[in-house]
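Heads up, the thing below is written out as structure tokens.
Convention: sequence-line order gives letters A, B, ...; per-chain numbering from 1. What you see below is based on every heavy atom in this structure, not just the backbone, and it leaves out hydrogens, waters and symmetry mates. From a predicted model like this one, the values you see are computed outputs, not experimental measurements.
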Amino acid sequence: IGEIQRFIRDDGSIKVSRSLKEIGHKIRRKRDELSKKFGRSPTVSEIASELDITVEEVVHAQEAIRAPHSIHETVYE
Amino acid sequence: MKNSMRVSFSSVSSNESFARVTIASFIAPLDPTMDELTEVKTVVSEAVTNAIIHGYEKAEDEIVTLSCSIDDNIVEITIEDTGIGISNIDEAIQPLYTSKPELERSGMGFTIMENFMDKVEIESAPGQGTTVKLIKEFQSTRSLCN
Amino acid sequence: MKNSMRVSFSSVSSNESFARVTIASFIAPLDPTMDELTEVKTVVSEAVTNAIIHGYEKAEDEIVTLSCSIDDNIVEITIEDTGIGISNIDEAIQPLYTSKPELERSGMGFTIMENFMDKVEIESAPGQGTTVKLIKEFQSTRSLCN
Ligand SMILES: Nc1ncnc2c1ncn2[C@@H]1O[C@H](COP(=O)(O)OP(=O)(O)O)[C@@H](O)[C@H]1O
Ligand SMILES: Nc1ncnc2c1ncn2[C@@H]1O[C@H](COP(=O)(O)OP(=O)(O)O)[C@@H](O)[C@H]1O
Ligand SMILES: [Mg+2]
Ligand SMILES: [Mg+2]
């Protein structure tokens with residue numbers, strides 16, 4: 001129920017595609033920032049706690065900003 | 001759009017989160033609102049938790065199965081276990097009824113499912129297990145109104 | 001930690017993304033790095049895409065099965081189809097080899113799998129289908145070193 005209230009505060013009528021993309025961009029920025037800071041790739045839970053979101057959200061939102069047909073960008077980015 | 005999936009997983013509580021992400025990711029192509037997505041994740045969570053703590057009484061080496069089929073904008077979800085089953089379904093679905101008050105269960109699982117979904121069907125036999133079927137129709141024309 | 005799951009889904013290309021999120025969510029409790037997560041998603045993606053476009057030649061009414069088991073920090077993933085199969089596996093795994101140059105395939109799918117995973121095993125029989133098994137050991141002590 002806490003999860004529900006949080007989404008209502010965040011305007012729950014927003015489309016999933018848009019909301020996930022926004023979170024996805026935050027994840028990407030935070031990943032780059034923490035990679036520099038740590039000198040290694042941050043873990044999923046480090047990203048989640050820095051952004052104050054759940055690991056579930058990290059996992060689902062990360063997919064939303066993947067451009068389709070760009071497997072090689074994903075690999076070599 | 002027609003699509004279906006069926007996933008079986010160990011009855012460990014960390015898989016509640018796995019089930020939530022799995023269903024969310026499967027219905028994401030329908031582009032629901034965040035509220036709708038949260039509702040579907042919540043009902044799946046409730047049913048999977050029931051399977052683990054009631055059906056299997058927390059035994060971790062059992063299997064829970066989650067299926068989902070999408071036919072146009074109709075989503076049908078089932079959660080199955082082969083656990084102890086429910087002997088009195090009418091009693092079980094009463095708001096606040098719980099057979100495990102010692103676990104601080106709210107007794108609101110089935111009520112939440114009935115609230116968030118268009119249809120809830122429970123099939124259960126003592127000693128055989130429980131299947132909960134959840135159906136919801138999503139608005140298909142919403143993207144035209146944006 | 002011991003856990004396993006097995007998911008079957010329709011051979012439609014939108015399920016490539018579903019498979020990526022599903023595997024990511026299942027291994028998330030191991031707390032992988034974002035790089036490791038991307039790598040695992042990529043190999044699953046490559047294998048699922050192969051099943052759909054090569055195994056089933058884009059027929060959308062077939063079934064692809066993805067399984068994963070976690071035993072401590074060892075992750076074993078299989079991707080199965082019951083499609084056309086591979087007659088010459090040694091040739092198929094060569095970097096740049098593709099049987100479908102007309103689709104602008106890179107021929108790098110198996111090479112990517114071999115790069116990102118500790119072990120890749122392919123079982124295939126023409127007319128019967130293909131099973132790709134991928135194994136990777138994750139660091140179990142990462143959280144202790146922080
Ligand atoms: N999968 C199941 N297997 C066996 N019993 C179940 C199952 N799901 C629900 N029940 C029974 O129905 C009751 C009500 O479920 P629910 O509304 O979710 O409340 P709660 O889980 O808080 O007890 C449970 O207390 C349990 O007795
Ligand atoms: N699941 C499969 N079923 C049938 N053939 C396959 C399968 N996976 C791979 N192959 C064969 O192996 C070749 C190499 O695969 P891959 O390295 O992924 O390159 P690509 O997919 O770009 O062709 C494919 O072109 C195809 O002939
Ligand atoms: Mg309950
Ligand atoms: Mg390929």
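Only the side chain of Asn15(C) comes within contact range of chain B, judged by heavy atoms closer than 4.5 Å.
Contact record, Ile53(B) with Lys58(B): CG2-CE, 3.9 Å, taken as the closest heavy-atom pair.
Using non-hydrogen atoms only and a strict 4.5 Å limit, the part of residues 4-14 of chain C facing chain B consists of Ser4(C), Met5(C), Arg6(C), Val7(C), Ser8(C), Phe9(C), Ser10(C), Val12(C), Ser14(C).
Judged purely by atom type and a 3.5 angstrom limit, Ser124(B) uses its side chain to pair as donor or acceptor with the backbone of Gly129(B). With Asp118(C) contributing its side chain and Glu137(C) its backbone, the two residues share a donor-acceptor pair below 3.5 Å. Without hydrogens or angle criteria, Lys136(C) side chain to Ile74(C) main chain gives no donor-acceptor distance under 3.5 Å.
Residue pairs that meet the ring pair (Phe, Tyr, Trp, His ring centres under 6.0 Å) test with at least one member in residues 24-71 of chain B, sequence neighbours left out, are Phe26(B)-Phe18(C).
Side-chain contact, Glu16(C) with Ser45(C): a donor N or O sits under 3.5 Å from an acceptor N or O. Under 3.5 Å, the side chains of Thr78(C) and Thr131(C) contain no donor-acceptor pair of N or O atoms.
Of the listed residues (Pro29(B), Ser25(B), Ser17(B)), the one with the most heavy-atom contacts under 4.5 Å to chain C is Ser25(B).
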